Colleague: 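First the structure, which I've put down as structure tokens, then a few questions once you've had a look.
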Amino acid sequence: MADLTAERPARTALDGSGPAAARAEIDGLKRRLHDHLRHSLGKGPVGSTHLDWYLALALATRDLMVETWMDSTRQAYKTDAKRVYYLSMEFLIGRSLVANLLATGSLDLARQTLDDMGLDFEAIRDCEPEAALGNGGLGRLAACLMESMTTLGIAARGYGIYYDYGMFSQYIEGGQQVEMPERWLRYGNVWAFDRPDVTEPVRFHGRTEARLDDRGRPRRRWVDGEEVLAQAHDLMVAGHGCWTVNAIRLWSAQASREFDLRRFNQGDYINAVAEQSFSESLSHVLYPDDSTSMGKALRLKQEYFFVAASLRDIVRRFLQTHDDFTRFPNKVAIQLNDTHPALAVPELMRLLVDEHGVGCDEAWAICTGTFAYTNHTLLPEALETWPVGLIGDMLPRHLEIIYDINHQFLEGVRRRAAQPDDARIRRLSMIDEAGERRVRMAHLAFVGSHRVNGVAALHTELMRAGIFADLHRTFPDRIVNKTNGITPRRWVQAANRPLAALISRHIGETWIANLEELRGLLPLAEDPGFQADVRAVKRLNKEALCRYVDGRLGIELDPASLFDVQVKRIHEYKRQLLNILHVVTLYLRLREGRAADQPPRTVILAGKAAPGYHMAKLIIRLIHDVARVVNADPLVSGRLRVVFIPDYNVSVAEHIIPAAELSQQISTAGTEASGTGNMKLALNGALTIGTRDGANVEIGQEVGEENIFFFGLPAAEAEALRHRGGHDPWRYYTGDPELRAVLDMIGQGGFSQGEPDRYRLIVDSLTRHGDYYLLLADYADYIACQDRVGLAYRDSDDWTRKAIINVARMGRFSSDVTVADYAADIWGVPVRTEPG
Ligand code: 26W
């Protein structure tokens, strides 16, 4: 068999121009590393650590990107290109070294140079702290889209917050999640250019007053209150081949000078310093919750903080080359990543009307021509609303503007309506008047945008029929679909080197920038030689994961067993619990000798629970208790293992995903907006067991029903069962002896000896409290489907054939495709189709 780890030549190095040229490149990089070690880090080679070498290599790589960055910026100015601004509270970037080495074509060179110096590339790579500035799907999507925008040559910029503490680290103690803060910036950040000279003042509180402008027209303005400074930090993002480099500009909070002086002059030095650090605490920490909108004032403050700084930056850049705002929507597109930046709508209105003297109607046309909004969730508890009182106190002028916009909007609806319909007006309003009055951020974002998109076809359909039904009737062309995607650079080329090399050997290398070319693998699906190579790649990746798990957890896994993987945030709607019900079912069957036809299986789970989400944390504990009992039972040894890999993040995902064979995407149909892990896993050759939810539906359409394992109620039926009553979980419990045995074992302490009630809450939530996510309704079909999976796995040629078809048909889930669609349909910007 061919050498599967062999790497293709790179653009800049070791390109076959002979051993002398290769030598010269290696020597060149060595010199640059030593140079950085000495002049940037103040160290000599003796006694330098892995971290020092990481920093030196990262700096040398950064040097390769800076020139392109300057070029890209100059080019955008020269052509006055329309710019795309992606506003997101979260950018879940992960590590950057390997991604940037690949983009600059210097990964092979770096490896060989370090080898040559007797240094361990992997150990050095792993010194990089994780840029975990996000919770999960939404933040990771932002990172993938930024990479693809850059690859496609779009003049794009991300805007967000430079949190001191990103996502917490998850430790497991006694089977339970413990959260620890992670100071990811403790060694500085090589990839960020800190810009103490680029600051924007951001005001909070104060009051509004009437005034006359220079032409005597009545205006309002926002005065007094307190100011915080937003300071810029620029993270470079390289596109594939490093033909374009863009930046993500993240803001940190600094106490303002004016604020300092006022307090210090009052003579209270100590308290003044204390207050200073209070205002700087604004950007300290990412809210680690993606399940509920908690309504904390600090969160609202963060939202306005980064929106206000970003918009000032955007407007200033626009005014450098334009004298008035008429062409603003032709030159600026602003994408709102969920409602978290929705205050951008009233803020841009305020800047235009109050500060730049634009008329209200014109300003509104500019706003709606500029903004577009992406919705990422249908879960009612995750939809943001903020109390009117809180906004009025923190942002008094914005509340006035929101009321004005809402008034105009509802008046328009009334005028156009054949007959008045107060209930409809109440449903459309940006203000929820039931109980404490609250601003509905989704309505604000929707009305202020010219396009609103869902992130998978089913999700978009459900938006039109459900939460946005009334708005959709009012603006029938506004909601569009933009199915999510993932960047093949990080998720195959970097994470799965052996698979990338194998693919390139057969169809050349251009698939990396044009993922649809993977279809070229289809004829090979039947080829026994290729099947053997694909299997060998998977085996290699599984063995690597075994070493990783053994190294981190001291648990030995069997690389010959079926690697069954569910990795994502822990949430009831994602139904990790259903997975566990299957594990326990299989366990009981194995103990009773009733699963002889099933292959050995390793069930791998990973994911974080929001710190305040009790049920999710209890599920993590149950996973550990089940793992402990199952893994220790000699009766099932060699047949079933369960492992929870702690602290799931982008880097951990890069270890797990290439080794997965079965991808579990089992959310209750109608609850997962899209999912992107489903795409990563299928693209790496895992088969999916899933519900007809989110992008699973489209994955099924692409790979064909015979190459995916669907089960469970479809969204319409799930919805009908749930909301029109009729779901009687008790009936399933009493009617299915196997299910009953499983639930009894969990509920009566079978996995929690000494504390039989530990999982009472879980079992009761299913059997007695309505089983909101319909686990029991889907259980029997899920188990039957898992049985089919097990049998299918035993025919390893056919399984591999299916896996190849999955890989070959995943092209449309490249984030390049997603971005090209946003560019054409929402932003109105051209994309590059050829490199360079
Ligand atoms: C306000 C608290 C909060 C914070 C974040 C609520 C909800 C969120 C996000 C919308 C949760 C999220 O990450 N959604 C995920 O977005 C992905 C990218 O579009 C989708 O693939 C996932 O299906 C969706 O759950």
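Atoms within a ligand are numbered from 1 in the order they appear, just like the ligands themselves. Worth knowing before you read on, the calculation uses all heavy atoms, side chains too, and leaves out hydrogens, waters and symmetry mates. The structure displayed is predicted, hence computed values, not measured ones.
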Colleague: Could you check which of Gly454, Ala695, Gly675, Cys144 puts a non-hydrogen atom nearest to atom 21 (O) of ligand 1?
Modeller: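 Answer by nearest heavy atom: Gly675.
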
Colleague: Between His284 and Tyr165, how do the two ring planes meet: parallel, tilted or perpendicular, split at 30° and 60°?
Modeller: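 Plane angle over 60°, so perpendicular.
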
Colleague: Considering heavy atoms of the protein only, find what lies nearest to atom 13 (O) of ligand 1 and give residue, atom and distance to 0.1 Å.
Modeller: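 The answer is Leu138 N, 3.0 Å.
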
Colleague: Using a strict cut-off of less than 4.0 Å between a Lys/Arg side-chain nitrogen and an Asp/Glu carboxylate oxygen, indicate whether Arg692 and Glu705 qualify as a salt bridge.
Modeller: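 Salt bridge between Arg692 and Glu705, a charged N being under 4.0 Å from a carboxylate O: yes.
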
Colleague: Counting from 1, what ligand 1 atoms have a heavy atom of Ser674 closer than 4.0 Å?
Modeller: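 Atoms satisfying the 4.0 Å criterion: 21 (O), 23 (O).
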
Colleague: Looking at residues at least two apart in the chain, or sitting in another chain, which of them share a salt bridge (charged side-chain N to carboxylate O under 4.0 Å, His left out) with Glu182?
Modeller: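 Arg186.
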
Colleague: Check ligand 1 against Ala673 and write out every atom of the ligand that is under 4.0 Å from a heavy-atom position of the residue.
Modeller: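 Answer for ligand 1: 23 (O).
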
Colleague: Look only at the side chain of Arg157 and the backbone of Arg249, and say whether a donor-acceptor pair between them is shorter than 3.5 Å.
Modeller: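 Pair absent, no side-chain N/O of Arg157 close to backbone of Arg249.
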
Colleague: Got an N/O contact under 3.5 Å between Thr377 and ligand 1?
Modeller: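 Thr377 vs ligand 1: no N/O contact under 3.5 Å.
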
Colleague: Polar contacts were defined as any N/O atom of the residue lying under 3.5 Å from an N/O atom of the ligand; does this apply to Glu384 and ligand 1?
Modeller: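 Between Glu384 and ligand 1 (N or O atoms, distance only) the closest approach is not under 3.5 Å.
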
Colleague: For atom 4 (C) of ligand 1, grab the closest protein heavy atom and report residue, atom and distance to one decimal in Å.
Modeller: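 Looking only at protein heavy atoms, the one closest to atom 4 (C) of ligand 1 is Asp289 O, 3.5 Å.
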
Colleague: Short list, please: which atoms of ligand 1 are under 4.0 Å from a heavy atom of Ala382?
Modeller: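 Going through ligand 1 atom by atom, the ones under 4.0 Å from Ala382 are 6 (C), 7 (C).
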
Colleague: Nearest protein heavy atom to atom 23 (O) of ligand 1, by residue and atom, and its distance?
Modeller: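 Going atom by atom, the protein heavy atom closest to atom 23 (O) of ligand 1 ends up being Glu672 OE1, 2.7 Å.
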
Colleague: Does Asp432 pair with Arg440 as a salt bridge, N-O distance under 4.0 Å?
Modeller: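 Answer for the salt bridge query: yes.
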
Colleague: Tell me which part of Arg140 gets within contact of ligand 1: side chain, backbone, both or neither, using heavy atoms under 4.0 Å.
Modeller: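 Answer for Arg140: neither.
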
Colleague: Return yes or no for this condition: an N or O of Tyr573 is under 3.5 Å from an N or O of ligand 1.
Modeller: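 Right, the criterion is met.
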
Colleague: At a 4.0 Å cut-off, with the gap strictly under it, does some heavy atom of Arg569 reach an atom of ligand 1?
Modeller: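 Heavy atoms of Arg569 never come under 4.0 Å of ligand 1.
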
Colleague: What protein heavy atom sits nearest atom 2 (C) of ligand 1, and how far away is it?
Modeller: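 Its nearest protein heavy-atom neighbour is Thr292 O, 3.3 Å.
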
Colleague: So is Lys296 actually on top of Tyr287's ring, under 6.0 Å and inside 45° of the axis?
Modeller: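 No; the conditions do not both hold, so Lys296 does not lie above the ring face of Tyr287.
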
Colleague: Suppose I only count heavy atoms of Asp338 and a 4.0 Å limit; which atoms of ligand 1 are within that range?
Modeller: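 Result: 10 (C).
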
Colleague: Please list, in number order, the atoms of ligand 1 under 4.0 Å from a heavy atom of Val455.
Modeller: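 So the atoms of ligand 1 that pass are 19 (O).
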
Colleague: Is Asp647 salt-bridged to Lys608, cutoff N-O under 4.0 Å?
Modeller: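 Yes, this pair counts.
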
Colleague: Kindly say whether Ile93 contributes a backbone atom to a donor-acceptor pair with the side chain of Arg140 at under 3.5 angstrom?
Modeller: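 Yes; at least one donor-acceptor contact below 3.5 Å.
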
Colleague: Going by an N to O cut-off under 4.0 Å, is there a salt bridge joining Glu179 and Lys617?
Modeller: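 Yes.
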
Colleague: Around atom 8 (C) of ligand 1, find the nearest protein heavy atom and jot down its residue, atom name and distance.
Modeller: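 Answer for atom 8 (C) of ligand 1: Asp290 O, 4.0 Å.
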
Colleague: So Tyr171 and Pro646, do their side chains get closer than 4.5 Å, heavy atoms only?
Modeller: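 Side chain of Pro646 against side chain of Tyr171, heavy atoms only: no contact under 4.5 Å found.
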
Colleague: Among Lys482, His459, His376, which one has a heavy atom closest to atom 15 (C) of ligand 1?
Modeller: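 That would be His376.
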
Colleague: Between Arg489 and Glu147 (salt bridge meaning N to carboxylate O under 4.0 Å), is one present in this structure?
Modeller: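 Result for this pair is yes, salt bridge flagged.
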
Colleague: Give the atom numbers and elements of ligand 1 that come within less than 4.0 Å of a heavy atom of Asn484.
Modeller: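 Within the 4.0 Å cut-off of Asn484, ligand 1 contributes 18 (C), 19 (O), 20 (C), 21 (O).
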
